[in-house]
There are 2 protein chains.
Amino acid sequence: MKDKPFLTPKQEKVLNFIRKRIGERLPPTIREIGEELGFKSTGTVRDYLKALMQKGLVRRMNSKSRAIELTERASFNKIPIIGTIMAGKPNLAYEEIQGYVDADDLFLGRLGFDDVFALRVKGDSMIDAGILDGDIAVIKKRPDANNNDIVAALLDNNEVTLKRLRNKAGKFHLEAANANYPPIFEEFKVIGKLITVIRKY
Amino acid sequence: MKDKPFLTPKQEKVLNFIRKRIGERLPPTIREIGEELGFKSTGTVRDYLKALMQKGLVRRMNSKSRAIELTERASFNKIPIIGTIMAGKPNLAYEEIQGYVDADDLFLGRLGFDDVFALRVKGDSMIDAGILDGDIAVIKKRPDANNNDIVAALLDNNEVTLKRLRNKAGKFHLEAANANYPPIFEEFKVIGKLITVIRKY
DNA sequence: TGACAAACCACACAAATGTGTGGTAATATG
DNA sequence: CATATTACCACACATTTGTGTGGTTTGTCA
């Protein structure tokens with residue numbers, strides 16, 4: 001299923017343009033898409049839209065102008081909640097999506113949403129940093145981070161954990177924000193950096 | 001300035017319909033507005049749009065279908081941040097708006113946004129509840145609340161504070177989530193209930 | 001080689017949509 | 001009373017936008 005890419009490069013460009021326009025508030029017309037992508041015929045654009053519809057990424061209403069909708073799967077303004085942190089290795093694919101956080105603006109500013117995702121926090125290891133069990137942690141994917149950043153890190157046992165990154169004499173380790181949890185000195189890989197926490201009562 | 005209402009009832013209906021449609025993802029066409037409101041002429045709708053534009057609530061692009069935008073002031077998906085909690089009495093009018101939180105979906109579900117607002121948290125009195133200085137507290141207006149709810153309350157000295165509501169032997173008082181702050185037994189009025197916390201790093 | 005799909009284009013046409021002019025009626029304002 | 005203002009309607013018309021048919025080219029697969 002993944003031997004042939006799900007979307008051709010051009011299809012992805014079309015989809016991204018639609019995402020961008022919807023993000024900017026107005027879905028594009030067929031001709032606007034064509035103009036942007038350099039297609040000289042509206043028929044071409046319709047072929048692309050047909051393909052995107054068949055792949056379940058886009059919905060349309062007949063004969064209505066700009067009536068292009070993204071399905072939840074394709075939406076740009078939804079950050080997928082891809083797993084529960086501490087509960088194992090979250091799969092960064094779409095299989096394990098538990099829901100979506102709307103990120104339209106939300107004080108994230110305009111991010112490249114390609115590299116943002118969210119995890120539900122499990123446990124109390126970051127409680128002293130004001131991050132509680134059940135909170136949504138919005139993470140920006142980055143392989144690096146700075147001292148004192150709170151990061152999502154992949155441990156050797158394939159667990160993902162949210163901890164504070166510390167630099168002690170040039171060597172990085174992870175620290176909980178809870179005296180009951182010891183620091184982690186084992187091998188780990190930084191997945192991304194915490195940028196937002198959302199808690200719902 | 002407030003003797004004559006800012007919007008006539010019909011103008012408000014038009015605006016609300018536009019809000020609704022934008023919330024549902026596609027701004028309406030002129031004819032769709034007319035249909036909804038029972039206007040038989042497109043000219044009528046244009047008169048209303050002109051009025052809304054003059055009042056600074058709506059922006060349009062000429063000759064483009066559905067190209068109706070709400071200005072930030074009129075937007076439904078933005079929860080106004082109306083003040084800093086603990087820093088005095090927030091004015092529930094539009095004068096003191098510091099910014100907006102996008103609430104489109106954001107796990108708030110679909111609320112009646114009329115009665116939701118946000119405050120920026122100042123101080124550490126709720127730190128043990130995981131609410132830190134600088135967090136955005138999203139509040140749903142309600143005159144009542146239950147025991148143990150975290151509420152925004154108006155104190156006698158006209159300060160607004162975020163505290164946990166406690167019921168001791170039938171009498172309500174307010175409690176900080178920080179041992180350094182004593183409980184508050186003086187008179188207060190519950191403004192609303194905390195429903196969401198957002199923190200940006 | 002033949003069949004097929006992906007990736008385009010040209011156009012004609014119909015439907016949707018925005019623009020503009022010119023009204024009427026009721027009510028308020030000075 | 002004259003003049004705005006609000007609140008509409010009727011149409012004609014210009015644009016924008018979506019639909020549909022019929023191509024060409026390129027590459028893949030059998």
Side-chain angles (χ1 to χ4, degrees), chain A residues 1-22 24-70 74, chain B residues 1-22 24-70 74:
Chain A
M1 255 184 185
K2 264 170 188 165
D3 29 336
K4 298 302 166 206
F6 184 55
L7 289 178
T8 67
K10 288 271 182 117
Q11 287 174 355
E12 196 162 341
K13 276 188 185 176
V14 171
L15 182 61
N16 279 332
F17 179 63
I18 295 170
R19 280 172 170 151
K20 184 183 158 214
R21 278 305 184 76
I22 289 180
E24 292 167 4
R25 230 96 266 280
L26 248 200
T29 64
I30 286 178
R31 281 172 181 81
E32 284 170 356
I33 296 172
E35 233 170 86
E36 171 74 14
L37 281 288
F39 301 137
K40 284 170 188 159
S41 167
T42 55
T44 305
V45 178
R46 297 183 92 237
D47 288 346
Y48 277 102
L49 290 180
K50 204 186 294 174
L52 292 175
M53 284 176 73
Q54 276 167 357
K55 292 182 181 179
L57 299 170
V58 150
R59 245 190 314 275
R60 298 188 64 206
M61 284 167 67
N62 287 337
S63 302
K64 290 289 174 186
S65 71
R66 302 179 190 277
I68 304 176
E69 265 189 312
L70 298 177
Chain B
M1 256 185 185
K2 265 169 189 164
D3 28 336
K4 298 303 165 205
F6 185 53
L7 289 178
T8 67
K10 289 270 181 123
Q11 287 174 354
E12 198 162 338
K13 277 188 184 175
V14 171
L15 182 60
N16 280 333
F17 178 64
I18 295 170
R19 280 172 171 150
K20 184 183 158 215
R21 280 303 186 76
I22 288 180
E24 292 167 4
R25 239 98 288 275
L26 247 199
T29 63
I30 286 177
R31 280 172 182 80
E32 284 170 355
I33 297 172
E35 233 169 87
E36 171 75 13
L37 281 289
F39 301 137
K40 284 169 186 160
S41 168
T42 55
T44 304
V45 179
R46 298 183 91 236
D47 288 346
Y48 277 102
L49 290 180
K50 204 185 293 174
L52 292 176
M53 285 177 73
Q54 276 167 357
K55 292 182 181 177
L57 299 171
V58 149
R59 246 189 313 274
R60 299 188 64 207
M61 283 167 68
N62 287 337
S63 301
K64 291 289 173 188
S65 70
R66 303 178 189 277
I68 304 176
E69 264 188 313
L70 296 177

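In what follows, every chain begins at residue 1, and chains take the letters A, B, ... in the order their sequences are listed.
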Distance below 4.0 Å between B:Arg46 side-chain N/O and C:dT19 OP1 or OP2 = yes
N or O in side chain of B:Ser41 less than 4.0 angstrom from D:dC11 OP1/OP2 = no
task = In whole angstrom, give the distance that lies between atom CD of A:Glu35 and atom P of D:dT17.
result = 10 Å
Distance, rounded to the nearest Å, where B:Lys50 contributes NZ and D:dC8 contributes P = 15 Å
Check: B:Glu32 side chain, B:Thr29 main-chain N or O, donor-acceptor pair, under 3.5 Å = yes
ask   = Between A:Ile30 (CD1) and C:dA15 (P), how many Å, whole number?
value = 16 Å
inquiry  = Return whichever of B:Gly43 or B:Ser65 has its heavy-atom-nearest nucleotide of DNA chain D closer to the 5' end.
reply    = B:Gly43
query = Starting at the 5' end of DNA chain D, which residue's closest nucleotide do you reach first, B:Arg31 or A:Ala67?
reply = B:Arg31
request  = Check whether any side-chain nitrogen or oxygen of B:Tyr48 sits under 4.0 Å from OP1 or OP2 of D:dC8, and answer yes or no.
outcome  = yes
key: Distance-only donor-acceptor test (3.5 Å): side chain A:Thr42, base D:dT19   = yes
inquiry  = Nearest whole Å is fine: how far is D:dC8 P from B:Phe39 CZ?
reply    = 5 Å
query = Is there a donor in the side chain of B:Thr42 and an acceptor in the side chain of B:Arg31, or the other way round, less than 3.5 Å apart?
reply = no
query = Touch check for B:Asp47, heavy atoms < 4.0 angstrom, all strands: base, sugar-phosphate only, or nothing?
reply = base
ask   = Could you give the NZ-to-C1' distance, from A:Lys10 to D:dT26, as a whole number of Å?
value = 13 Å
query = A:Pro28 pairs by side-chain contact (heavy atoms from CB on, under 4.5 Å) with which of A:Arg21, A:Glu35, A:Glu36, A:Lys20?
reply = A:Arg21
task = Measure from CE on B:Met61 to C1' on D:dT16 and round the result to the nearest Å.
result = 12 Å
task = Side chain of B:Lys64 only, please: which of D:dT17, D:dG18, D:dA10 is the nearest?
result = D:dT17
ask   = Under 4.0 Å between a side-chain N or O of B:Thr44 and OP1 or OP2 of D:dC9?
value = yes
query = Nearest heavy-atom pair of A:Leu26 and B:Ala67: which atoms, and what distance?
reply = CD1-CA, 3.6 Å
query = Counting only side-chain N and O atoms of B:Lys40, is one of them less than 4.0 Å from OP1 or OP2 of D:dC11?
reply = no
query = Is the distance from OP1 or OP2 of C:dT19 to the nearest side-chain N or O of B:Arg60 less than 4.0 Å?
reply = yes
key: Under 3.5 Å donor-acceptor, B:Arg59 side chain and B:Glu69 backbone   = no
key: Integer-rounded Å distance: D:dT17 C1' and A:Ile68 CD1   = 11 Å
note = note: A:Asn62, atom CG; D:dT19, atom C1'; distance rounded to Å ~ 10 Å
